[in-house]
Amino acid sequence: MSLKKAYEAYFKMGTSVSERNLSTEEAKRELVLHYNSITAENGMKPMFCLDWKANTENPEKYNSEPALSFESARKYLDFAKETGISLRGHTLVWHNQTPAWFFKKDYSREENAPLADREVMLARLEAYIKGVLGFVQTEYPGVIYAWDVVNEAIEETEENGWRKSLWYQTVGDDFVLQAFRFARKYAAEDVKLFYNDYCTFVPKKREKITELILKPLLKEGVIDGMGMQTHLILKHNELSEYETSLNTFGALGLEIHVTELDIHNADPSEEGEMALALMYEQLFGLYVKVKEEKTANLTSVTFWGMKDDESWLTGFRKEQSYPLLFGENYALKRAYEAVIAVPSKN
Ligand code: XIL
């Protein structure tokens, strides 16, 4: 049995991968066995696709057309191509892991340098999207099936709902729309365009995402899907708002991807592992249910990390986390057994 086999009638099964995973035989075996989708955990983000040296040393030349670097991206694309595993592109436009100089006049690395103006940033945005999509589609046609075009633009605690990121500050509140227009313009026809965010089950955030992003983009016909990151916490194991979000986004006619699934769990005891297994069972029960009842077109579910000891959560939550289906050396956890068993119960 494997994850992708167990769920083949429902949706793709994926995981994020690090550069280290791609150079470890054991990890590669696990990838081929369990998954039919992968996402680069970091290596295709703007900080990796932008050529730091060229841009900052020669700002005049690259002012409106940033120099790009695909050394990192190629590793993921090569692996996906060799193995026939599909790749989710993550991510084109994000406030994090994009160098601050990218938003500055003349790509300045001085902390207090002025920001570039709207016109320049729109040109950089278009050139970046055109360049990345062009490279991937020319050299690796068909490998990437979906892109997180914009990541995390909504902050529900802000009065107008928009995160005051450097994209927002330089371009304005239409930066998401502009990004999707450019992505639609340069993406191959069969490449699906996603908006991706975390805490999409928080009612106020769900509402802001729907009103400020999804509806306007649907109206223009430039978005295909909603990415629900799904970084959950075992202590908050109530899934009803999560279910409402799946159904709300589903009802808009969007494809849904669960893009970054993990459940923070600081308790590795038998009790903790059982509780984790139960929550995963409920979650995958929900995924199967929305598919069977056709209330949400969920087509891909991606875990954020291959095994507990590599999870980003231990750093992020500042305590050891055991959030995934696999433990050290890819030992199958109770959560794995629970997830694998869900489809046969339906
Ligand atoms: C995280 C990675 O897992 C870490 O290795 C990195 O240090 C920071 O980014 N939302 C996202 C992901 O969209 O890209 C983030 O990944 C986790 C939160």
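Whatever order the structure lists ligands and atoms in, that order sets their numbers, starting from 1. All values derive from a computational prediction rather than experimental measurement.
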Worksheet item: Quick one: salt bridge (Lys or Arg N to Asp or Glu O under 4.0 Å) pairs with a partner in residues 337-346, sequence neighbours left out?
Response: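 Every salt bridge (Lys or Arg N to Asp or Glu O under 4.0 Å) pair that includes a residue of residues 337-346, provided the two are not neighbours, is E281-K345.
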Using side-chain heavy atoms (C-beta onward) and a distance below 4.5 Å, is M121 in contact with F102?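 In contact.
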Sub-4.5 Å side-chain heavy-atom contact between Q178 and L125:
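Answer yes - side chains close enough.
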| request: Assess whether atom NZ of K164 is packed by more than 12 heavy atoms of other residues, nucleotides or ligands within 6.0 Å. | output: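 Yes, enclosed.
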Under a 4.0 angstrom heavy-atom cut-off, which atoms of ligand 1 come close to [X]?
X	value
H90	11 (C), 12 (C), 13 (O), 14 (O)
Q229	10 (N), 11 (C), 13 (O), 18 (C)
N151	11 (C), 13 (O)

request  = Could you tell me how the ring of Y336 sits relative to the ring of F326: parallel (under 30°), tilted (30 to 60°) or perpendicular (over 60°)?
outcome  =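 Y336 and F326: tilted rings.
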Item to complete: On the 0 to 90° scale, with breaks at 30° and 60°, tag the F11-F284 ring pair as parallel, tilted or perpendicular.
Response: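 Tilted: the ring planes of F11 and F284 meet at 30° to 60°.
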Atom 11 (C) of ligand 1: which protein heavy atom is closest, and how many Å away?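 Among all protein heavy atoms, the one nearest atom 11 (C) of ligand 1 is E260 OE1, 3.0 Å.
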Problem - Closest approach of any protein heavy atom to atom 8 (C) of ligand 1, naming residue and atom - result: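 For atom 8 (C) of ligand 1, the nearest protein heavy atom is Q97 OE1, 3.5 Å.
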TODO: Pick whichever of N42, L313, N196 has a heavy atom sitting closest to atom 6 (C) of ligand 1.
DONE: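 Heavy atom nearest to atom 6 (C) of ligand 1 belongs to N42.
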Margin query: I want to confirm something. Looking only at heavy atoms, which of E41, K45, H231 is nearest to atom 9 (O) of ligand 1?
Written below: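 Looking at heavy atoms only, the winner is K45.
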- Message: Listing request: all side-chain hydrogen bond (donor to acceptor under 3.5 Å, both in side chains) pairs with a residue in residues 113-123, at least two apart in sequence or in separate chains.
- Response: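 Matches after skipping sequence neighbours: R118-D174.
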Next item on the list: Could you tell me if any non-hydrogen atom of F316 lies under 4.0 Å from any atom of ligand 1?
Entry: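 F316 does not count as a contact of ligand 1 under the 4.0 Å cut-off.
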Exercise. With backbone taken as N, CA, C and O and side chain as the heavy atoms from C-beta onward, which portion of W304 lies under 4.0 Å from ligand 1: side chain, backbone, both, or neither?
Worked result: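 Within the 4.0 Å criterion, W304 contacts ligand 1 through side-chain atoms alone.
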